[in-house]
Amino acid sequence: MSIDQGAPELRRRSPSGSPQNRGSPALPDEEVTARAKTSAKLYGVVTPDPAAVNAALSPNIHPYLTQPDLLVLDNLFHDVHDGNRGKSATTDSKLSPETIEARADDTSINTTHDATSISRLKALNNPNDAAFQPTVFVTWDAKDIPEPINHYIIRPYARLAMRIVRHPTDVVFLTHLLLYSTVNLGSALYMMFYHFTYLHGVAHAVYTLWCAGSFTLMMHNHIHNNGVLKKEWRWLDMTFPYVLEPLMGHTWDSYYYHHVKHHHVEGNGPDDLSTTIRYQRDDLFHFLHYIGRFLLLIWAELPLYFYRKGKPNLALRALVSELGSYAFLYYMTALNPRAATFAFLIPFVQMRIGLMIGNWGQHALVDELEPDSDFRSSITLVDVPSNRFCFNDGYHTAHHLNPLRHWREQPVHFLQSKEAYREGRALVFHNIDYLMLTFTLLRKDYLHLADCLVPMGEQIGMSREEVAEMLRSKTRQFSEEEIRVKFRS
């Protein structure tokens, strides 16, 4: 949310204040007319007049998207309207992360709408720009809060918080630390040591599930950047995970060892314990096997992975952290079985299942020709749960290209590197999150996935059925022989 009410905001597509239209970026009247035919082709609108296309586009551009996501989507739809496919992709167009970063920094912007979108995105992140907007909450933006509350409470709080968080944009991390340390911790302590009721236990577990995504992606930023607070607050930065992680379903440090020291090293390749390439990724039984293996065996498989890779120190640390967490859960359960079930055990199971559903969605669509390409083994989502509530987790390809990139910079990188995404035949979706993408794949509903695709490059002009078949081809299980050939060093 913004603390600067004077910052320019996106105009709304519709003058109506209805939920269906709130938050969509405006098109000038002549642009609405010009884009109507394209929208009709893309979304099945049969009457290409301005009123019809406004009504048709509003459910496709979600009203609750963040302002950066609205800018990104409007930019991409502009390309679709103009038929801008970029340079022709070739079969040997694999780009390294270094190349993509070089292009982002050095390549001149050739179109006005690209330059405008990138300029506005950079302004939102620049504390010295009048349009700067720190993120204070994930649920509300400044426009949703009455001005007296903004003036007397929110802005003073944000100015204070910016003296604590590492990046001026990240006020939201302090907001969430305060929330979890009071509501979640306070509720758990009350159940464990004062009075337990099943109604309280269920409410606590449901609320913890609601918080799980935001907490996990806050920790995602923490583990990749060695903290989220300034040096003066390092004591808090390094201790709060050990208090909050068990409450939110994580075991101590396991997210760091598995995600940073393992997953980003292997990149969904053959040695990645959470790889999807050996599974038929629209098959329910394969998915259940994937979930079950992680739930039952990751405590042993991860230390053994480090040992096989010649990293005995990491193997020992991962094993001790995991077993120490299980000992803590056992002790809490022995102390108060009913309360611990809702405060610790249910969140633990919820988190483990959620992590694997999410990872399946992030890496379900793997290119059959170049499965080792970051562009072709991960996806980009422009959606509300991933980007508003989970700190731009939808920009997963960008994250794999540079795991250290700040979360607020992901949309900027995406637009700056758009040509490389086209050449890499990357997949971009909107109005679907990783969980729903996983469930949609398991239903084999490829036409719905085709409706959610935002076409780029050669994908522009493909029919709905062609897109569906293209997506279906990227869920096929790889044989061991194919893996040896395609992933050879």
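It should be emphasised that the depicted structure is a prediction, and the values quoted were computed from it without experimental measurement.
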Practice problem: Kindly state whether the ring of H200 and the ring of Y190 have centres lying under 6.0 angstrom apart. | Solution: yes
Quiz item: Taking only residues two or more places apart in sequence or in another chain, which ones pass ring-ring contact (aromatic ring centres under 6.0 Å, His included) with Y180?
Solution: H176, F215
Practice problem: Compute whether any side-chain donor of one residue and acceptor of the other, for S378 and T397, lie under 3.5 angstrom apart. | Solution: yes
Quiz item: Excluding sequence neighbours, so at least two apart, what forms salt bridge (Lys or Arg N to Asp or Glu O under 4.0 Å) with D433?
Solution: none
Quiz item: Regarding H259 and H220, is there a side-chain donor-to-acceptor distance under 3.5 Å anywhere?
Solution: yes
Quiz item: Would you say R166's side chain and N225's backbone share a donor-acceptor pair under 3.5 angstrom?
Solution: yes
Quiz prompt | Worked verdict on D114 versus K418 for salt bridge (Lys or Arg N to Asp or Glu O under 4.0 Å) | solution = CA-CA 9 Å; D114 282 345; K418 194 166 56 171; 2.6 Å; yes
Practice problem: Return yes if a side-chain donor-acceptor contact under 3.5 Å exists between N359 and Y434, otherwise no. | Solution: no
Quiz item: Y326 and W299: aromatic ring centres closer than 6.0 Å?
Solution: no
Exercise. Assess the pair W252 and F328: is the distance between their ring centroids shorter than 6.0 Å?
Key: yes
Quiz item: With a 6.0 Å cut-off on ring centres, are Y207 and W210 close enough?
Solution: no
Practice problem: Apply ring-ring contact (aromatic ring centres under 6.0 Å, His included) to H406 and list each qualifying residue two or more places apart in sequence or on a separate chain. | Solution: H167
Quiz item: Any side-chain donor paired with an acceptor under 3.5 Å for W407 and D393?
Solution: no
Practice problem: Indicate, with yes or no, if the rings of F196 and Y198 have centres closer together than 6.0 Å. | Solution: yes
Quiz item: Going by atom types alone, do H289 and Y279 pair a side-chain donor with an acceptor below 3.5 Å?
Solution: yes
Self-check item: Centroid separation H262 to Y257 less than 6.0 Å
Solution: no
Cut-off 3.5 Å, no hydrogens considered: what does the side-chain donor-acceptor table look like for residues 345-356, sequence neighbours left out?
residue	atom	partner	partner atom	Å
R352	NH1	E322	OE2	3.2
R352	NH2	T251	OG1	2.8
R352	NH2	E322	OE2	2.9

Quiz prompt | Partner of K444 under side chain to side chain contact (heavy atoms under 4.5 Å, CB included), chosen from T475, L449, D282, L284 | solution = D282
Practice problem: Please identify each residue that fulfils salt bridge (Lys or Arg N to Asp or Glu O under 4.0 Å) with R476, with sequence neighbours left out. | Solution: E482
Quiz item: Between Y157 and T175, do the side chains contain an N or O donor and an N or O acceptor separated by less than 3.5 Å?
Solution: yes
Quiz item: Does the side chain of T276 pick up a donor-acceptor pair with the side chain of N268 at under 3.5 Å?
Solution: yes
Quiz item: Between F375 and R425, is there a cation-pi geometry (under 6.0 Å to ring centre, at most 45° from the normal)?
Solution: no
Quiz item: For the atom pair CH2 (W235) and CG (D237), what is the distance rounded to the nearest 0.5 Å?
Solution: 10.5 Å
Quiz item: Between K486 and F478, what is the shortest heavy-atom contact and its length?
Solution: CD-CE2, 3.9 Å
Practice problem: Please list, chain by chain and in numerical order, all residues satisfying ring-ring contact (aromatic ring centres under 6.0 Å, His included) with H396, sequence neighbours excluded. | Solution: H363, H400
Quiz item: Going by distance alone, is a donor N or O of one side chain under 3.5 Å from an acceptor N or O of the other, for H263 and H258?
Solution: no
Self-check item: S187 side chain to H204 side chain, donor-acceptor N/O pair below 3.5 angstrom
Solution: yes
Quiz item: Between the side chains of N431 and D383, is a donor N or O closer than 3.5 angstrom to an acceptor N or O?
Solution: no
